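Working notes, beginning with the structure itself.
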Amino acid sequence: MDLNKEIKRLERIYLEKPKRVFTMYLNTDPADPDQQGGEWKIHLKNGLQRFEKYLENEGDKEELENFCKIKSDVEDYMAEHELELAKSVIIFATPDHSTWFAERFQVPVQTEFFWEEIAKVDQLIQLHQNFPKTGIILTQKEAIKIVETELGRPINTYFYALDLDTEDWRQHTGPHRARATVGSGGKSTKREQFIARFEANRHRWYKQIAPKLDKLAKDHNWEYIYLIGSSEETQELAGEMNKSVNAFLDKNMLDSKETEIIKAID
């Protein structure tokens, strides 16, 4: 999802009565002291009922019907994803289903509900500014892992491993990180020989991978770049990249889960 494009699309929506745009920012953060008992369910119920009762009192049956369609969709979504909630849920919806934006995020929001002519994107814009699209590059000798994040959640993961036979960096797919032919599971002497070889050729090998990382950053519109790994490796890799690196973390997290990596840079 390109959040910039999505925000611009949402900003263009304008609906007159009896149609309206529904906007919901719901705090579901279990670490929030006000959420220890799952209070989001109460806030959700009260927020939806408030509009329903108001429209009933207004006597506009068609607008009430439109709202009830969205209310049902929102309740179904929350029930379906109740066990997968993080810190917040953001929903934008229209009665004709031309707009249905429903996402769970690892960033906090202030609970708000709107039923208006336009989508209320102010909080979403602020969140995007606070948590921009980010490329987290993790290095560990012959392996490089890239975690792409937006609004504090992983959206893509890429793996590169150095092929020692061809001395080329190759991209790998799948849940397991790639390693060079001589990995940590090999004999200690072979591993030591490899490390010595890597250190002797690190500059040249990082120079080869840097353009691939620059291209990822450009093609995916990264607004912020982190480098995680030993300081010697990250500094040298950053020096070979054309894109500026915003922050460094001297830590080995190549095998860590994406959520743990994101938490480490918060």
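Residue numbers start at 1 and run along the sequence shown. No hydrogens, no waters, no symmetry mates; every other heavy atom, side chains included, goes into these values. This structure is a prediction, so every number in the text was calculated from the model and none was measured.
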Give the cluster check for [X] versus [Y]: same hydrophobic cluster or not, with ILVMFWY residues linked at side-chain heavy-atom distances below 4.5 Å.
X      : Y      : value
Val107 : Leu10  : yes
Tyr14  : Ile7   : no
Tyr224 : Val147 : yes

Taking [Y]'s backbone N and O only, do any of them form a donor-acceptor pair with [X]'s side chain (distance below 3.5 Å, no angle check)?
X      : Y      : answer
Glu116 : Phe22  : no
Glu142 : Leu162 : no
Asn66  : Pro18  : yes
Trp169 : Trp205 : yes
Thr234 : Ser230 : yes
Glu148 : Thr157 : no

Which of these passes side chain to side chain contact (heavy atoms under 4.5 Å, CB included) with Val89: Tyr25, Tyr77, Phe105? Tyr77
Which residue, Thr149, Ile155, Leu151, forms the side chain to side chain contact (heavy atoms under 4.5 Å, CB included) with Thr134? Thr149
Salt bridge between [X] and [Y], side-chain N to carboxylate O under 4.0 Å?
X      : Y      : result
Arg204 : Glu167 : yes
Glu6   : Arg9   : yes
Lys19  : Glu63  : no
Asp214 : Lys243 : no
Lys8   : Glu11  : no

Shortest non-hydrogen contact between Pro95 and Leu15, atoms and distance: CD-CD1, 4.4 Å
Which atom names give the shortest non-hydrogen contact between Met24 and Met78, and what distance separates them? CE-SD, 4.2 Å
Test side chain to side chain donor-acceptor pair (under 3.5 Å), reference Arg153, set Gln106, Glu103, Glu258, output is Glu103
Could you go through the ring pair (Phe, Tyr, Trp, His ring centres under 6.0 Å) check for Tyr158 and Tyr160 one step at a time? CA-CA 7 Å; Tyr158 309 91; Tyr160 286 92; 7.6 Å; no
Name of the residue among Phe51, Phe114, Phe113, Tyr54 meeting ring-ring contact (aromatic ring centres under 6.0 Å, His included) with Phe67: Phe51
Residues Gln110 and Gln123: side-chain donor-acceptor under 3.5 angstrom: no
